[in-house]
Amino acid sequence: MDDLVGIAEIAKMFDVSSAAVTNWRSRSEDFPKPVAILKSGPVFQAEHVKKWYRRRNKMAATVISSINLKGGVAKTTTTVGLAQALSGVFNKRVLVIDLDPQTNATTMLIGEEKWFALNQEGYTLATLFEDAIDDSSNFNLLKTLQKSVGNVNEVKSVDLLPSSLNLIDLQDRLITMPAGKYQTRNPVNILRRGIKDIVDDYDYVLIDCPPNLGYITLNGLRISDGYIIPTIPDVMSTYGIPQIVTRVAEFSGEIEDEIIPIGIVATKVRGQAAIHTRTMNKMHNDAGKPMGGSKLLYPLVFDAYFSESAQIAEAAEYQEYSTLRQKWGYQGQYNSLVEFTEEFMRLTEGV
Ligand SMILES: Nc1ncnc2c1ncn2[C@@H]1O[C@H](COP(=O)(O)OP(=O)(O)O)[C@@H](O)[C@H]1O
Ligand SMILES: [Mg+2]
């Protein structure tokens, strides 16, 4: 028999008040109709309500990609730091999806040895993409999903879907992927299909994308509510930002699903470097204004930023720490991370 639920139970299901559920009902025309009205109030089919909720929130998790067309701009460092702070400081359940064939997020979170073993067994995201190309079904989501990863004692709720160097070749082969008997398979929908069963288990899903806008990155964007752009504040690193915003907006239009530019975060900032100060000022000044020759706006810039620090660079090594503060450092680096994470949660609320 299908589960029936009342207002109070629905509230409990999604961790909100009964008043919130009543509001959903009165404000959303598409809220499921009750299957019966009992003395205690209306009852609904739990499945219908869950489906509505998922659709309303796209997926219940907030899914954010991390993109820059340039490598070496601390994209991975920012993604992993954010994941660990969301978990360790704010108690959120986080999934990191490593789509970058460089596998840096993966090795930061599980170490090289473990990664090597998983890669040999085919327990990485490469297998998911291989399946789509070869029409096979070798991908094992449960064995690929690495639970409670990282090397920081106080960080307990970060899971990881590991990457593989093989993603480089797969990227090109995706172009020739078979469309399936009913022409429904799409090379940008592979990740979405592969992980839809677990996305709802998280508060945040963070995707570390490769430094290009190829098919693999588009798979990440396809399931994203928004994206952040980590960048070193210099001319070369910020050069591609308007192009990213433009291309993602085009893609978002094609899939008829919003992908919001959450903001730019400055990394490896050298306070003494005039070019860094100039670029920071310019970005803050451009933020929210139309980009040259376009209706699109230049993204917001996070107030929080990351200064260049040897300790942050060393934190990339897979070694044990008991606290995040110990890992990130006592000279303000940890505080920047927490400030950035707070700002991130504020800016992604409700996207
Ligand atoms: N704030 C920082 N200060 C000093 N080095 C940093 C900082 N952030 C990242 N790094 C280092 O810079 C390099 C590139 O960072 P990474 O996160 O791998 O960039 P990306 O993912 O954009 O290629 C790495 O060696 C990393 O440890
Ligand atoms: Mg990287």
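FYI, side chains are in, hydrogens and waters are out, and symmetry mates aren't considered; it's all heavy atoms of this structure. In this chain, residues are counted from 1 in sequence order. Since the model is a prediction, treat every value here as computed from it, not as a measurement. Both ligands and their constituent atoms are indexed starting at 1 by order of listing.
- When Gly71, Ser237, Ala313 are checked for heavy-atom proximity to atom 5 (N) of ligand 1, Ala313 turns out nearest.
- Within the 4.0 Å cut-off (strictly below), a protein heavy atom is located near atom 12 (O) of ligand 1.
- With salt bridges taken as basic N to acidic carboxylate O contacts below 4.0 Å, one links Glu47 and Lys50.
- Within the 4.0 Å cut-off (strictly below), a protein heavy atom is located near atom 2 (C) of ligand 1.
- Atom CD1 of Ile216 and atom CG of Leu191 lie 9.0 Å apart (nearest 0.5 Å).
- Looking at Ala316 next to ligand 1, no N or O pair under 3.5 Å apart turns up.
- Between Gly72 and ligand 1, a contact under 3.5 Å exists for at least one N or O pair.
- Remark: Lys268 does not engage Glu308 in a salt bridge, criterion side-chain N to carboxylate O under 4.0 Å.
- A salt bridge links Lys282 and Asp286; the closest N-O separation between the charged side-chain nitrogens and carboxylate oxygens is under 4.0 Å.
- Every atom of ligand 1 is numbered from 1 in the order shown, and the set under 4.0 Å from a heavy atom of Val73 is 19 (O), 20 (P), 22 (O).
- For Thr76, the nearest N, O or S atom to the Mg ion (ligand 2) falls under 2.8 Å.
- Checked by distance only, ligand 1 and Ser307 come closer than 3.5 Å through their nitrogen or oxygen atoms.
- With respect to Asp201 and Arg93, no salt bridge is recorded, no charged nitrogen being found less than 4.0 Å from a carboxylate O.
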